[in-house]
Amino acid sequence: MPQVTSSSTSQTFQLRPYQQQAVDKVVSYFRNSDDAALLVLPTGAGKSLVIAELARIARGRILVLAHVKELVEQNCGKYESYGHKASIFAAGLGRKEADSQVIFGSVQSVARNLDAFSDSFSLLVIDECHRVSLEDSSEYQKIIRSLKKHNPQLKVLGLTATPYRLDSGWIYQQHLGDNCQHSVDPKPFKACLFELPLRYMIEEGYLTPATLLDAPVALYDFEKLRPSASGAYAEAELNAVLKGSKRATKRIIAQVVDKAADRQGVMIFAATVAHAKEIVAYLPPEHSALIIGNMKAKARDSVINAFKQKQIKFLVNVSVLTTGFDAPHVDLIAILRPTESVGLYQQIIGRGLRLSEGKVDCLVLDYAGNRHDLYRPKIAEPKPNGGSEVVDVVCPLCAHHNQFWGIMDDHGYLVEHYGRRCKGLVEPTESTLTSPLTPSLEQCDYRWRFKVCGVCGEQNDIAARQCHKCHEMLVDPDDQLKKALALRDCRVLRCSGMTLEAFDAKGGERLKVVYHDEEGVEMSEYFAFDTSAQKGAFYHQFCKFHLKERSLNFKATSVTEVVAKKDSFRKPDFVVGRKGKKERFWHITEKIFDYEGRYRRANELS
């Protein structure tokens with residue numbers, strides 16, 4: 001039974017077109033699914049308005065979570081400003097009320113008082129949902145588990161401007177707007193229902209343009225530092241770099257002050273507390289203030305209010321004020337800290353993109369050498385090699401346009417790409433349909449690179465250990481190589497090259513494929529093209545595995561045709577051959593492609 005309904009005619013306030021579109025996407029999705037979903041709305045897009053409308057039209061009780069009191073207060077205030085009643089459950093705001101149909105709460109307070117939320121809730125909204133992880137011990141998961149005990153059909157909706165985490169990438173599996181599968185790994189959210197590009201917001205006049213300074217007076221040398229697995233930099237290492245850069249800091253702040261001469265509000269993001277204190281020392285004392293994480297709440301609020309009232313011009317902070325902070329007059333952002341997180345980078349700059357009277361743009365000064373694209377963040381697999389670039393690959397099965405790493409030739413033609421499986425979303429088949437009532441989309445099963453199950457013949461991901469169809473264990477390449485190396489009648493060729501050539505045999509012309517290692521040792525195999533069966537065998541035994549671009553669907557009819565296309569084929573990483581006691585030649589039994597294991601591949605350092 002649907003939990004959310006919408007009627008644009010009964011709205012008590014006017015949503016922007018994209019806000020209404022986002023609301024409609026949520027309503028449509030939750031009519032057919034209980035899977036968690038999210039909306040991606042950049043800073044200034046009016047997330048609180050979308051939350052208010054969803055809370056207004058949803059049936060049952062609604063809980064709206066945020067991780068800081070400022071967001072709790074802001075979201076609740078927007079909802080109540082349209083004449084609706086709500087409760088606030090946040091210790092930081094001195095209120096713990098849970099009697100209204102709609103409750104706005106802080107994550108920390110709700111997680112510590114789950115008994116107060118023992119009723120059945122129909123909708124849970126999580127603001128800044130990029131903070132949600134899959135850790136069972138996290139406060140978010142504790143709240144979700146508790147609410148689902150009382151209502152297993154609880155709808156969970158997230159909102160964020162940055163739908164990715166540094167430790168795990170995208171926080172959702174499917175992007176319905178792009179009709180794309182981003183990940184098959186478990187994620188906090190099943191689907192992204194709607195994403196509003198930051199560039200659209202700026203071009204349509206909803207946000208202020210960002211102007212990035214191309215020639216800062218100095219840069220900190222953070223290049224040699226290595227972040228932890230979570231992406232954070234060690235404070236001691238940061239201070240070591242900054243200690244030797246005091247002259248640079250003085251020059252940097254002098255430039256910031258100079259550039260701020262005709263600006264209204266300046267936010268400076270420091271790397272450490274010691275760094276922040278040094279920065280403040282170079283700023284005009286009567287117009288500057290510092291905020292750090294361990295400040296008392298009253299002192300922090302006093303500084304923030306003074307900044308919002310334009311009583312001070314320069315606000316320095318360390319690891320705070322990246323979310324839940326709204327000062328529209330900010331028109332200069334100075335970044336003096338490194339970050340591996342593109343999400344954090346966007347949040348920092350987002351503090352200066354809101355519209356304000358007399359504001360033309362937001363000047364961004366980056367002195368830390370952060371190499372993130374504000375408009376097109378790269379959340380992808382690492383480059384396979386230095387010569388690869390992002391290429392567009394069309395799936396021959398569903399026609400989805402995939403973005404993979406690949407190699408183009410000098411004429412702009414695709415030579416090879418490293419995509420494994422199509423990321424397009426398709427309607428489920430009868431064999432994969434889990435429920436006729438909620439036919440969610442599934443990932444297209446076309447694969448360019450795969451491992452074949454020896455039992456059922458199904459194609460699997462090259463890293464799979466178990467067949468996804470028959471569930472039999474797949475042959476592990478390392479075990480395969482280890483076993484072959486231990487046998488006297490086996491040869492393992494670490495393949496460094498492959499040649500294709502015509503060969504005159506007694507029965508007619510044949511294709512000879514020669515594989516060789518780094519020392520010139522060879523193994524060969526032969527293919528005939530006299531009959532349809534032989535041509536089909538060549539396709540299934542050779543082309544399906546060797547073609548660099550499988551969507552070419554190359555069906556050879558002659559040896560000459562294959563040799564002419566020799567650059568379209570790739571070599572395997574290893575070739576395994578066997579030879580009986582009375583046999584003169586090695587018979588190729590296995591070829592291993594896309595190897596990722598403990599044995600060295602050809603032309604690699606040991």
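Treat the numbers as computed from the prediction; the structure is a model and nothing was measured.
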Before you tell me yes or no, could you show the steps for Thr160 and Leu41 under side chain to side chain contact (heavy atoms under 4.5 Å, CB included), namely the whole-Å CA-CA distance, both residues' side-chain angles and the distance that decides it to 0.1 Å? CA-CA 6 Å; Thr160 182; Leu41 298 172; over 6 Å; no

Between Cys192 and Val40, does the side chain to side chain contact (heavy atoms under 4.5 Å, CB included) criterion hold? Intermediate values first, please. CA-CA 7 Å; Cys192 172; Val40 180; 3.8 Å; yes

Please assess His182 against Gln173 for the test side-chain hydrogen bond (donor to acceptor under 3.5 Å, both in side chains), listing each intermediate value before the final yes or no. CA-CA 5 Å; His182 275 198; Gln173 293 179 319; over 6 Å; no

Between Phe117 and Phe89, does the ring-ring contact (aromatic ring centres under 6.0 Å, His included) criterion hold? Intermediate values first, please. CA-CA 11 Å; Phe117 299 86; Phe89 201 97; 5.0 Å; yes

Could you walk me through whether Asp301 and Lys296 pass the salt bridge (Lys or Arg N to Asp or Glu O under 4.0 Å) check? CA-CA 9 Å; Asp301 291 344; Lys296 292 184 177 179; over 6 Å; no

His275 vs Leu238, test: side chain to side chain contact (heavy atoms under 4.5 Å, CB included). Steps then yes/no. CA-CA 9 Å; His275 185 215; Leu238 287 169; over 6 Å; no

Determine, step by step, whether Leu290 and Asn317 satisfy the side chain to side chain contact (heavy atoms under 4.5 Å, CB included) criterion, reporting the C-alpha distance in whole Å, the side-chain angles of both residues, the deciding distance to 0.1 Å, and the verdict. CA-CA 6 Å; Leu290 167 65; Asn317 79 97; 5.9 Å; no

Verdict with supporting geometry, Asn370 and Thr339, side-chain hydrogen bond (donor to acceptor under 3.5 Å, both in side chains): CA-CA 7 Å; Asn370 295 298; Thr339 177; 5.6 Å; no

Run the numbers on His130 and Phe189 for ring-ring contact (aromatic ring centres under 6.0 Å, His included), then give the verdict. CA-CA 10 Å; His130 56 272; Phe189 299 91; over 10 Å; no

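Taking a cutoff of 4.0 Å between a charged side-chain nitrogen and a carboxylate oxygen, Lys359 and Asp331 do not qualify as a salt bridge. Residues Lys47 and Glu128 are paired through a salt bridge, judged by an N-O separation under 4.0 Å between the basic side chain and the carboxylate.
In this structure, OH on Tyr282 lies 10.5 Å from CD1 on Ile252, to the nearest 0.5 angstrom. Atom CD of Glu204 is separated from atom CZ of Arg199 by 13.0 Å, given to the nearest 0.5 angstrom. Of the inter-residue distances, the one linking Ile202 atom CD1 with Leu353 atom CG reads 5.5 Å to the nearest 0.5 angstrom. Taking OG of Ser356 as the reference point, atom CD of Gln264 lies at 5.0 Å (rounded to 0.5 Å). With rounding to the nearest 0.5 angstrom, the CD1 atom of Ile268 is 7.0 Å from the OG atom of Ser288. From Ile253, atom CD1 reaches atom CZ of Phe314 across 9.0 Å, with rounding to the nearest 0.5 Å.
Thr43 is listed as a side-chain neighbour of Arg351, based on a closest heavy-atom distance under 4.5 Å. Counting heavy atoms from C-beta outward, Ile62 and Leu124 have side chains that stay 4.5 Å or more apart. The closest side-chain heavy-atom distance from Val26 to Leu157 is below 4.5 Å. In this structure, Phe404 and Val390 have side chains that are not in contact, with every pair of non-hydrogen atoms separated by 4.5 Å or more. Ser106 has its side chain out of reach of Lys69: every pair of non-hydrogen atoms, C-beta onward, lies at least 4.5 Å apart. Residues Ile335 and Leu365 are not in side-chain contact: their nearest non-hydrogen atoms beyond the backbone lie 4.5 Å or more apart. Ile349 is listed as a side-chain neighbour of Leu374, based on a closest heavy-atom distance under 4.5 Å. You'll find the side chain of Gln21 reaches within 4.5 Å of the side chain of Phe194, heavy atoms only.
In Lys78, the NZ atom is not crowded: 12 or fewer heavy atoms of neighbouring residues, nucleotides or ligands sit closer than 6.0 Å. Counting heavy-atom neighbours within 6.0 Å of Glu286 CD, excluding the residue itself, gives a total above 12. Around atom NZ of Lys298, no more than 12 heavy atoms belonging to other residues, nucleotides or ligands sit under 6.0 Å away. Crowding of Gln443 atom CD: a count of heavy atoms from other residues, nucleotides or ligands under 6.0 Å exceeding 12. Annotation: Arg112, atom CZ; neighbour count of heavy atoms from other residues, nucleotides and ligands within 6.0 Å does not exceed 12. Atom NZ of Lys25 has 12 or fewer neighbouring heavy atoms from other residues, nucleotides or ligands inside a 6.0 Å radius. For Asp115, the CG atom is loosely surrounded, since the number of other residues' heavy atoms within 6.0 Å does not exceed 12. Taking a 6.0 Å sphere around CD of Glu389, one finds it holds more than 12 heavy atoms contributed by other residues, nucleotides or ligands.
Taking the six-membered ring where tryptophan is involved, the planes of Tyr164 and Trp170 are perpendicular, since the angle between them exceeds 60° and thus also 30°.
In this structure, Ile51 and Leu159 approach most closely via the heavy-atom pair CG1-CD1, 3.9 Å. Residues Thr208 and Val360 come closest through the heavy atom pair CG2-O, 3.6 Å. The two residues Asp127 and Leu71 make their nearest non-hydrogen contact at OD2-CD2, 3.8 Å. Considering every non-hydrogen atom in both Tyr79 and Arg56, the closest pair reads CE1-N, 4.0 Å. Nearest heavy-atom pair across Ala289 and Val303 is CB-CG1, 3.6 Å. Minimum heavy-atom separation, Gln347 to Thr162: NE2-OG1, 3.1 Å.
Every residue meeting the salt bridge (Lys or Arg N to Asp or Glu O under 4.0 Å) condition with Asp361, not counting sequence neighbours, appears here in chain and number order: Arg263. Taking the side-chain contact (heavy atoms from CB on, under 4.5 Å) definition, one finds that Arg16 meets it with Tyr18, Gln19, Met201, Tyr206, sequence neighbours left out.
The one candidate from Val64, Val102, Ile88 that meets the side-chain contact (heavy atoms from CB on, under 4.5 Å) condition with Cys76 is Ile88.
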Which side-chain N or O atoms in residues 134-143 pair as donor and acceptor under 3.5 Å with protein atoms at least two apart or in another chain?
from, atom 1, to, atom 2, distance (Å)
Ser138, OG, Glu135, O, 2.9
Ser138, OG, Gln141, N, 3.3
Gln141, NE2, Ser133, O, 2.8

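Using modelled atom types, no side-chain atom of His287 and backbone atom of Lys313 make a donor-acceptor pair closer than 3.5 Å. Although no hydrogens or angles enter the test, the distance criterion places no donor-acceptor pair under 3.5 Å between the side chain of Arg59 and the main chain of Ser122. Checked by atom type and distance alone, the side chain of Asp366 pairs as donor or acceptor with a backbone atom of Ala368 at under 3.5 Å. Panel note: side chain Ser87, backbone Ile103; no donor-acceptor pair is recorded below 3.5 Å.
A donor and an acceptor atom, one from each side chain of Asn75 and Ser48, are nowhere located under 3.5 Å apart. Donor-acceptor pairing under 3.5 Å is lacking for the side chains of Gln309 and Asn305.
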